[in-house]
Peer 1: 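The structure is given below, and queries will be raised subsequently.
A, B, ... follow the sequence lines: proteins, then strands. Residue 1 opens every chain.
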Amino acid sequence: MALRFYNTLSQQVENFTPLDGKTVRMYTCGPTVWNYVHIGNLRTFTSQDILRRWLQYRGYQMMHVMNITDVDDRIIQQSAAAGKSIYEYTAEYEKAFFEDASKVRLQRPEKICRATEHIEDMVRLIQTLEKQGFTYSSEGSIYFRISSFPEYGKLAHLHFEGLKAGARVDSDKYDKDNARDFVLWKARKEGEHFWETPLGPGRPGWHIECSAMAMRYLGETLDIHAGGVDLIFPHHENEVAQSEAATGKPFARFWIHTEHLMVESQTMSKSAGNFYTLRDLFDRGFSPESVRYLLAQVPYRKQLNFTLEGLKAAATAIERLRNYELRLKTTKFAEGKNVKIEERTAQALKSFEEAMDDDLNTAEALGATFEYVRETNTAMDTGEFLAGNVPAALDFLAKFDSIFAVLEPSTVDQTISLAEIEALIAERTQAKKARNFQRADEIRQRLLEHGIVVEDTKEGVRWKRK
RNA sequence: GGCGCCGUAGCCAAGUGGUAAGGCAGAGGUCUGCAAAACCUUUAUUCGGCGGUUCGAAUCCGCCCGGCGCCUCCA
């Protein structure tokens, strides 16, 4: 079966191929850098990371653009409260975002772009819309007239015909013809950051940045546009309207949206305030890999219930995979190659790939992986697994990790050197030979304090980092 | 009111017409000086409830119950 994704636009799973057959041009809505990102944000970014990793696995080149929203109402408000310029204020959170992103092993998009550095692109796009009659001005602000774009609502599948203008929204405080019209350019307000432009002094509306930057770097029609489900309306809907009104071409072929997560079965939102940041979880002793694993294990289109118990389970599951990898790398298997096991390895890889091709079914992909691990562990116990089977097994594991990226431990104790570890282990082996188990256990305990676990196997001692 | 999603073992979760993957936790066992690791056995005759369609349904249809989302800033 071909690679396929659920497309919000069609509400169906569709086969995916990039327009030019080679390079996937993808735009994702990045963070608004007004605060630390929380795990809800990270779920979306992690699912997009899995998406881009899988596209690359399938042989495509990536041209992935992610924006940084560094000017909006909250930023203006918060920076003013902190007595900083918006640039000073957002620099701190942008830096924190990239630190967090790298902790959970998000690949860096090919292009990162800041809204404040693309004001000219936005102005030009607004001018194009003005010339074509899609806009109107009111008190220095410029609005998009949704009644001029008949397909408005096609992404979010909302139908507005029956609704009276202003029926649901308090339109008094806006100088809009229709309450659902949205602002492209906001007139300057006293004390607020503004740009002097041909449109007059002011700042961009929220939606225009994504259209302007996406089209600037990716052209008028993107292969994929992704974000969290809450962005479908109005953000993405408005992007569709303004972009397609300007170009007359489809803005994005695939719209891929990640479901929200819940925390301990409660809804989570910035406004509700019940959210964890990555830093909170590190403080509780959880590793970045555990967070990544937990976020990645539930398919992106399903709500994920984030719990601390789930994080512990994730940590244990990762341990199991690491132990398996260690066993593959350290065991002296009998010579030869078991054909049945080679076939089983190929089959496991195929199951893994088919699961990922199927709209990124990570749960199924993990199932295929663990099933294989259990079966080959058994084969190792019975001696059926031979030295010649190791390369293919390691290859499968490497492929798994090229997507999930959890096998490499991220915390390494630097207070003890390799030489010291080896020396202590040698001493312990001697102590054991002399049946001085007290000394042997003492050494094992001491190493454990450095996060090193010593294991006695049939073939001798081996150690690993916890 | 409109649109959409979900409800599978203690927890997480796959499976969308052919007789319940996987992970974690629990119990027992093998191995071990003790551990660790690994393996084995065990844990849902059943998939929110009630009807219907079918040779056959967790999977399709109807109704009901429960949870969530969007229609307003939000990943």
Peer 1: Looking at every strand, decide which applies to A/Leu326 at a 4.0 Å heavy-atom threshold: base, sugar-phosphate, or nothing.
Peer 2: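 Since no nucleic acid heavy atom lies under 4.0 Å of A/Leu326, the category is nothing.
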
Peer 1: Can you tell me if the side-chain N/O atoms of A/Arg320 get under 4.0 Å from OP1 or OP2 in B/C24?
Peer 2: yes

Peer 1: Go through the structure and list residues passing salt bridge (Lys or Arg N to Asp or Glu O under 4.0 Å) with A/Asp181, not counting sequence neighbours.
Peer 2: none

Peer 1: By salt bridge (Lys or Arg N to Asp or Glu O under 4.0 Å), which residues pair with A/Lys350, not counting sequence neighbours?
Peer 2: A/Glu354

Peer 1: Any base atoms under 4.0 Å from A/Ala363, or only sugar-phosphate, or nothing? Heavy atoms, all strands.
Peer 2: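 Answer is base: heavy atoms of A/Ala363 come under 4.0 Å of a base.
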
Peer 1: Could you state the atom-to-atom distance from CG of A/Leu158 to P of B/G2 in whole Å?
Peer 2: 14 Å

Peer 1: What is the distance, to the nearest angstrom, from the CE atom on A/Met66 to the P atom on B/A75?
Peer 2: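 For the pair A/Met66 CE and B/A75 P, the rounded distance is 13 Å.
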
Peer 1: For A/Ala431, what residues pass the side chain to side chain contact (heavy atoms under 4.5 Å, CB included) criterion, not counting sequence neighbours?
Peer 2: A/Asn436, A/Arg439, A/Ala440

Peer 1: Answer with base, sugar-phosphate or nothing: what part of the nucleic acid does A/Ile232 contact at a heavy-atom distance below 4.0 Å?
Peer 2: nothing

Peer 1: Under the salt bridge (charged side-chain N to carboxylate O under 4.0 Å, His left out) rule, what pairs show up with a residue in residues 225-241 of chain A, not counting sequence neighbours?
Peer 2: none

Peer 1: Do A/Phe251 and A/His225 have ring centres separated by under 6.0 Å?
Peer 2: yes

Peer 1: Take atom P in B/C73 and the same atom in B/U59, then report the distance between them in whole Å.
Peer 2: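 To the nearest whole Å, 39 Å.
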
Peer 1: Indicate, with yes or no, if the rings of A/Phe254 and A/Phe16 have centres closer together than 6.0 Å.
Peer 2: yes

Peer 1: With a 3.5 Å cut-off and just heavy-atom distances, do the side chain of A/Asp230 and the base of B/G69 make a donor-acceptor pair?
Peer 2: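 No.
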
Peer 1: Heavy-atom contacts under 4.0 Å between residues 447-457 of chain A and RNA chain B, which residues?
Peer 2: A/Val453, A/Val454, A/Glu455, A/Asp456

Peer 1: Taking the same atom, P, in B/A38 and in B/C6, what whole-Å distance lies between them?
Peer 2: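 Nearest-Å result for B/A38 against B/C6 at atom P: 35 Å.
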
Peer 1: With sequence neighbours excluded, what pairs up with A/Lys399 under the salt bridge (Lys or Arg N to Asp or Glu O under 4.0 Å) test?
Peer 2: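 For A/Lys399 the salt bridge (Lys or Arg N to Asp or Glu O under 4.0 Å) partners, ignoring immediate neighbours, are A/Asp395.
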
Peer 1: Give me the distance, rounded to whole Å, that separates B/G33 from B/U41 when you measure between the P atoms they each carry.
Peer 2: 25 Å

Peer 1: In chain order, what residues pass the salt bridge (Lys or Arg N to Asp or Glu O under 4.0 Å) check against A/Glu384, with sequence neighbours excluded?
Peer 2: none

Peer 1: Between B/U8 and B/C47, how far apart are the P atoms? Round to whole Å, please.
Peer 2: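 Pairwise P distance, B/C47 against B/U8, rounds to 11 Å.
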
Peer 1: Look at the side-chain N and O atoms of A/Arg180 and state whether any lies under 4.0 Å from the OP1 or OP2 oxygen of B/U72.
Peer 2: yes

Peer 1: Between B/G49 and B/C65, how far apart are the two P atoms, rounded to whole Å?
Peer 2: 15 Å

Peer 1: Holding to ring-ring contact (aromatic ring centres under 6.0 Å, His included), I want the full list of residues that pass it with A/Phe45, two or more places apart in sequence or in another chain.
Peer 2: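 For A/Phe45 the ring-ring contact (aromatic ring centres under 6.0 Å, His included) partners, ignoring immediate neighbours, are A/Phe97.
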
Peer 1: In whole Å, what is the span from the CH2 atom of A/Trp255 to the C1' atom of B/C70?
Peer 2: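 Whole-Å distance recorded here is 16 Å.
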
Peer 1: What's the CG-C1' distance between A/Asp49 and B/A75, to the nearest Å?
Peer 2: 15 Å

Peer 1: Let me have a per-nucleotide readout for nucleotides 4-12 of chain B, 5' to 3', with B, S or -, counting only protein heavy atoms under 4.0 Å.
Peer 2: S--S----S

Peer 1: Would you tabulate the nitrogen or oxygen pairs shorter than 3.5 Å linking the protein to nucleotides 15-19 of chain B?
Peer 2:
unit_1 : atom_1 : unit_2   : atom_2 : d
B/G15  : OP1    : A/Asn361 : ND2    : 2.8

Peer 1: Using side-chain hydrogen bond (donor to acceptor under 3.5 Å, both in side chains) as the criterion, list what pairs up with A/Arg301, not counting sequence neighbours.
Peer 2: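 With sequence neighbours excluded, A/Arg301 shows a side-chain hydrogen bond (donor to acceptor under 3.5 Å, both in side chains) to A/Asp359, given in chain and number order.
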
Peer 1: Is A/Arg428 touching bases, backbone alone, or none of the nucleic acid, heavy atoms closer than 4.0 Å?
Peer 2: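 The residue A/Arg428 makes base contact.
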
Peer 1: Identify, with sequence neighbours excluded, every residue that meets side-chain hydrogen bond (donor to acceptor under 3.5 Å, both in side chains) alongside A/Asn389.
Peer 2: A/Glu342

Peer 1: State the pairing partner of B/G4; accept Watson-Crick or G-U wobble contacts with both distances under 3.5 Å, and report none otherwise.
Peer 2: B/C68

Peer 1: For the C1' atoms, the ones on B/G29 and on B/C50, what distance do you get once it is rounded to whole angstrom?
Peer 2: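 Those two atoms are separated by 44 Å.
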
Peer 1: Assign A/Thr258 to base, sugar-phosphate, or nothing according to its heavy-atom contacts below 4.0 angstrom with the strands shown.
Peer 2: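 Nothing, no heavy atom under 4.0 Å.
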
Peer 1: Contact class for A/Asp72 (heavy atom, under 4.0 Å): base, sugar-phosphate, or nothing?
Peer 2: nothing

Peer 1: Kindly say if A/Arg327 contacts the phosphate of B/A38, meaning a side-chain N or O under 4.0 Å from OP1 or OP2.
Peer 2: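 No.
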
Peer 1: Stacking between A/Phe370 and the base of B/G22 (centre distance under 5.5 Å, interplanar angle under 30°)?
Peer 2: no

Peer 1: Rounded to whole Å, please give me the gap between OH in A/Tyr293 and P in B/A13.
Peer 2: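 The answer, rounded to whole Å, is 13 Å.
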
Peer 1: Less than 3.5 Å between a donor and an acceptor, one on the side chain of A/Arg374 and one on the base of B/C39, is that the case here?
Peer 2: no

Peer 1: C1' atom, B/U16 versus B/C24: distance in rounded Å?
Peer 2: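 Between the two C1' atoms, the distance is 26 Å.
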
